[in-house]
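Below is one structure; the comments refer to it alone.
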There are 2 protein chains.
Amino acid sequence: MSTPTRVPPRGDRRAGIVAAALELFADKGYLATTMDDIGRAVAMRGPSLYKHVASKQDLLVEIMERSIATVLRDHRIAVESTDDVREQLRRAVEAHVRFHARHRLEAFVGTRELRHLDEANRAVMLSLRKDYESGFRELVERGVAQGRFRVGSVKLAVYSILDMGVGVAVWFREGGEFSVDEVAYHYGDQALRLLGAD
Amino acid sequence: MSTPTRVPPRGDRRAGIVAAALELFADKGYLATTMDDIGRAVAMRGPSLYKHVASKQDLLVEIMERSIATVLRDHRIAVESTDDVREQLRRAVEAHVRFHARHRLEAFVGTRELRHLDEANRAVMLSLRKDYESGFRELVERGVAQGRFRVGSVKLAVYSILDMGVGVAVWFREGGEFSVDEVAYHYGDQALRLLGAD
DNA sequence: GCACGTGGCTAGTGGGTGTTAGCCGAGCGC
DNA sequence: GCGCTCGGCTAACACCCACTAGCCACGTGC
């Protein structure tokens, strides 16, 4: 039997493996996904994967690190793009929602499989997630201090806004009833309403 | 070694097993929990569990069924307790939040472990969850029709309200900063704001 | 044209897991 | 007191899975 694929372009075989792992982890869960499953998705046997990755755990770590790094970057960009608190919050929420719509699978795996990260990596991820949450809290607190927002509880408002964005990852489908932009806009709007903005 | 517990009260040994399974499923996940783990939690060996339950899957099914039945019942009671749409929605949201605060673990397992239900049971659960969602959608639609709510999109508003309630299960702790009632009240408020109520 | 690194393969290892089989002590009905 | 049911136990079965060992084809550098 001759090789069906002539020659894999370069050493980016690893990227394909990570992508396949992401899809499988999101679909079946980390524990339910076997190395053979991942191998099958990239047309090789399970053990061959070890020529490209150190372990199954490494795949999870790589997925999570990339994911959280993206969210934090997008958030920073959104907040730094204006000085007006109201607008900062709108853009931060839109970035949050855009991420959860565009990177559904990463978002999914990022929250669902946190407990299957080994201790050290989980601690790092939890800390980064806390930072992210803090960014929103500071934003809302500043808005309240400036009299732009009126909330019963900053903490509960922030949790609510974040969680409704997280939920997008569950139901959103590319090419479905809503575009990413529509969802982002509506959610930004809802967040501002929830904060009693203006 | 004599029996440490003199005699288990009655045949409610099963209830203890389900409770232990719930805690473990919520903590480690369904797949990561072994029958030995569950056995240890109720002071017996794994295989002995089979004198009380048919399978590990049965434990998951029982947990999920009880969980969804509770939510649906609470929702119905809330909606039937008044005729005013605004008040119906407030009470439905409060019931939703109360459930996710009081039955954190059930809520957790109910959403996180859905994929590990076998096909038949999963279909039933998904259908029941759809019914629950529909209840909220009809409520919001009625409110909009009566001019009591003003929303950009009924669907997105409903998703948002449900998801922010679901999120409560993640962070809520009995005896923490907020009581169940406080959270329920605040979330009811936030939902009404989000709907542009009144 | 040859050595060698790359990246695939098969075979195996060591451990884990749901579940069944079969044993047995204790309490209860009669 | 006898037998039966209940509910525990240990042993074992039948897989499954991450990962390792060791082999080999192929393309490239020289």
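First the proteins, then the strands, lettered A, B, ... as listed; each starts at 1. Only heavy atoms go into these numbers, but all of them, side chains included; no hydrogens, no water, no symmetry mates.
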Give the rounded distance in Å between these two atoms: [atom1] of [X] and [atom2] of [N].
| X | N | atom1 | atom2 | result |
| --- | --- | --- | --- | --- |
| B:Tyr30 | C:dT17 | OH | P | 13 Å |
| B:Leu49 | C:dG18 | CG | P | 10 Å |
| B:Asp36 | C:dG16 | CG | C1' | 10 Å |
| B:Arg40 | D:dG8 | CZ | C1' | 17 Å |
| B:Ile17 | D:dG8 | CD1 | P | 7 Å |
| B:Met35 | D:dA11 | CE | P | 19 Å |
| B:Asp58 | C:dT19 | CG | C1' | 13 Å |
| B:Tyr50 | C:dT17 | OH | C1' | 9 Å |

query = Taking NZ, NE, NH1 and NH2 as the nitrogens, is one of them in B:Arg129 or B:Glu133 under 4.0 Å from a carboxylate oxygen of the other?
reply =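 No.
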query = If you measure from the Lys or Arg side-chain nitrogens to the Asp or Glu carboxylate oxygens, is any gap between A:Glu174 and A:Arg102 under 4.0 Å?
reply =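 The answer is no: the pair does not qualify as a salt bridge.
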query = Testing B:Glu87, B:Gln88, B:Glu94 for side-chain hydrogen bond (donor to acceptor under 3.5 Å, both in side chains) with B:Arg90, which one passes?
reply =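 Passing option: B:Glu94.
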query = Centres of the A:His96 and A:Tyr187 rings: under 6.0 Å?
reply =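 Ring centroids of A:His96 and A:Tyr187 are no less than 6.0 Å from each other.
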message = I'd like to know whether the aromatic ring centres of B:Phe99 and B:His75 sit less than 6.0 Å apart in this structure.
response =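 No, the ring centres sit 6.0 Å or more apart.
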task = Using a heavy-atom cut-off of under 4.0 Å over every strand shown, decide if A:Ser48 touches base, sugar-phosphate, or nothing.
result =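 Base, at least one base heavy atom under 4.0 Å.
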key: Contact under 4.0 Å: A:Arg45 side-chain N or O vs C:dG8 OP1/OP2   =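 Negative; the distance criterion is not met.
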query = Within the structure, does a side-chain N or O atom of B:Arg13 lie under 4.0 Å from either OP1 or OP2 of D:dG8?
reply =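 So the side-chain polar atoms of B:Arg13 do come within 4.0 Å of the phosphate oxygens OP1 or OP2 of D:dG8, strictly under.
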ask   = Between B:Ala43 and A:Thr33, who's closer to the 5' end of DNA chain D by nearest nucleotide?
value =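 It is B:Ala43 whose nearest nucleotide is closer to the 5' end.
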Choose from [options] the nucleotide whose nearest atom is closest to any side-chain atom of [X].
| X | options | answer |
| --- | --- | --- |
| A:Pro47 | D:dC9, D:dT10, D:dT20 | D:dT20 |
| A:Lys51 | D:dC19, D:dT10, C:dG8 | C:dG8 |
| A:Thr34 | C:dA11, D:dC17, D:dT10 | D:dC17 |

Base C:dG18 to side chain B:Lys56, donor-acceptor N/O within 3.5 Å cut-off =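 No, no donor-acceptor pair under 3.5 Å.
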